[in-house]
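Only one structure is covered here, and it is reproduced in the block below.
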Amino acid sequence: MGLFDRFKKRFKKTDEKEITAEENSVEAEEAVEQGKRLKEALEEARPTPQEATPKPTLEIEEEWDDSDEITEDPFAKPIGRKERKKARRAASVEKAERPTESEKPTTKDPMQSTTGHDLVASGPVEIEINLGDSVTKTGGRVVMSSDKLDRILEELEEELLSSDMAQSAVEDVIHTLKATLIGSRISTTKKIEVVVEEALRSTLLRLLEAGYWDFNKTVSAHLEDSSPVVIMLVGVNGTGKTTTTAKIANRLTQQGRSVVLAAADTFRAGAIDQLAIHAERLGVRCIRSQRGGDAAAVARDAVESARARGEDVVIIDTAGRMQNKTNLMEELRKVHRVTQPHLVIFVADALAGNDAVTQAVEFQRMLRFDGAALCKLDTDAKGGAALSIAHATGRPIVLAGVGQGYDDLIDFDPAWLIDSILE
Ligand SMILES: Nc1nc2c(ncn2[C@@H]2O[C@H](COP(=O)(O)OP(=O)(O)OP(=O)(O)O)[C@@H](O)[C@H]2O)c(=O)[nH]1
Ligand SMILES: [Mg+2]
């Protein structure tokens, strides 16, 4: 039985009079006032964008500054020229070929949300609850504050937590839901449990769709500008970076792109061979060094080699690291600085639940990423991590790993995830 089935079953026992007041009654007026106060309090408690997304904190020494071409700070806010470039890129996305059936975007209008090299890191996604056509201007019943409503919301909160959604995201959703519901005039044709279900579903969907960009279209758009397009994968140990590197290479070569892999995990024993074997199987080049070599040098060699040969895409596989290990994070930032990747993808393990969220937040703080690939969704992972990553970092999940084969990488589908959590 899914979340909503359990929820509605409990709701069935509820008399609507316990939760709503008749219009024009004293209780209804009080509820409207209370709803206003709750919304104001919620607004005041929200962090400002600056508080929400601190600038990356690590300052690293300029030991690799022999590269003349790289002068821009990758973490700087876009300036006018960049904005113009972004607009040009957006226009070239419009021109990109019509997607094939398998390339079809999963959101209504991916053109608006395609991002890339100039992407501005955004703060956490703000939860907004829209009661849609459930509210009515006249007639209806007004939702009031009551123990019963509190108990129902508590149960909903527990259900969301058990789907692996992080506490902070769940609290944000529930508080906003409560503030939105109280004082709202609900049409008598709608049952309150249906109102709550619709509101919650649309809220969670919006959370996952915020800032979504279509992977294939974004790569195509960048390729119109310049090549090679550089994609860097980051994340903690064992989340699926190397496998996802191979899956992306497979996807792009099937689209006729020439791909080069950069074995920038020079840290873990066997990592270079692991990637080289994938490269051989996929028939793509792999740029590598000895174990312990300079990861940034490998990555830069791969980009320069691809540029010299006119190849389309470089995918940089990096070493897994704990998000709190400063020296390893510095190495990643160095790879980033010398290669100026068009896309940084944070690879998360759906099975890691709340840990994946903590890691995502820390990576976003240290080395901003453009989107996440959520791997191992074919396992019994509950999926709530996706909601929390999106909520906490403001960056969308764009790709989903659904198995260990090369073809097991799909565009992330927010509606599918919401259904699997709620149904
Ligand atoms: N079931 C399943 N397994 C996956 C998926 N993605 C990766 N894996 C498995 O997860 C394990 C770790 O994957 P890697 O790609 O080596 O992970 P990594 O992030 O490169 O690991 P490190 O290099 O050690 O940091 C491997 O056994 C993969 O086959 C997925 O989508 N589904
Ligand atoms: Mg790896």
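In each ligand, atom 1 is the first atom listed, and ligand 1 is the first ligand listed. What you see is a predicted model; the values in this text were computed from it and never measured. For the single chain, residues carry numbers from 1 onward in sequence order.
Applying side chain to side chain contact (heavy atoms under 4.5 Å, CB included) to C286 and the options V298, L275, I315, D273 leaves one that passes, L275. A side chain to side chain contact (heavy atoms under 4.5 Å, CB included) with I277 is found for exactly one of E280, Q274, R281, namely R281. No option in T393, L343, I345 other than T393 meets the side chain to side chain contact (heavy atoms under 4.5 Å, CB included) test with F369.
Looking at V236, V347, T318, T243 and measuring to atom 15 (O) of ligand 1, the nearest heavy atom belongs to T243. The option from G405, G240, C375, G403 that lies nearest to atom 30 (C) of ligand 1, judged by heavy atoms, is G403. The nearest non-hydrogen atom to atom 20 (O) of ligand 1, considering only L399, I410, T242, comes from T242.
Looking at D317 next to ligand 1, no N or O pair under 3.5 Å apart turns up. Where the criterion is an N or O separation shorter than 3.5 Å, residue side chain and backbone included, T239 meets it with respect to ligand 1.
Which parts of ligand 1 touch N237 is read off a 4.0 Å heavy-atom cut-off, strictly below it: atoms 25 (O). Near R268, meaning under 4.0 Å from one of its heavy atoms, ligand 1 places the atoms 22 (P), 23 (O), 24 (O). The G401 neighbourhood of ligand 1 comprises atoms 31 (O), with distances under 4.0 Å to a heavy atom of that residue. Shown in contact with G320 at under 4.0 Å from a heavy atom are these atoms of ligand 1, numbered in order with element: 25 (O). Ligand 1 places these atoms under 4.0 Å from at least one heavy atom of D265: 23 (O).
A donor-acceptor pair shorter than 3.5 Å can be found between the side chains of D317 and T242. There is no side-chain donor-acceptor pair under 3.5 Å between S258 and R309.
Shown here is K191, whose NZ atom has no more than 12 heavy atoms of other residues, nucleotides or ligands within 6.0 Å. Enclosure of atom CG in N327 by more than 12 non-hydrogen atoms of other residues, nucleotides or ligands within 6.0 angstrom is indicated.
Among the backbone and side-chain atoms of Q274, none of the N, O or S atoms lies under 2.8 Å from the Mg ion (ligand 2).
When non-hydrogen atoms are compared, ligand 1 lies under 4.0 Å from neither the backbone nor the side chain of H278. With a heavy-atom cut-off of 4.0 Å, V402 touches ligand 1 through its backbone alone.
Protein heavy atom at the shortest distance from atom 22 (P) of ligand 1 is G238 N, 3.5 Å. The protein heavy-atom contact nearest to atom 32 (N) of ligand 1 is D378 OD1, 2.8 Å. The protein heavy-atom contact nearest to atom 16 (O) of ligand 1 is Q274 NE2, 3.1 Å. The protein heavy atom nearest to atom 25 (O) of ligand 1 is K241 NZ, 2.8 Å. Scanning all protein heavy atoms for the shortest distance to atom 3 (N) of ligand 1 gives Q404 CG, 3.4 Å. Considering only non-hydrogen protein atoms, atom 11 (C) of ligand 1 sits nearest to K376 NZ, 4.1 Å.
The existence of a salt bridge linking R300 and D294 is excluded, since no basic side-chain nitrogen approaches an acidic carboxylate oxygen closer than 4.0 Å. A salt bridge links K376 with D349: at least one charged nitrogen is closer than 4.0 Å to a carboxylate oxygen. Taking a cutoff of 4.0 Å between a charged side-chain nitrogen and a carboxylate oxygen, R251 and D411 qualify as a salt bridge. Using a 4.0 Å cut-off between a side-chain N of Lys or Arg and a carboxylate O of Asp or Glu, R365 and E362 qualify as a salt bridge.
Using a 30° and 60° split on the angle between ring planes, H278 and Y406 fall in the perpendicular class, above 60°.
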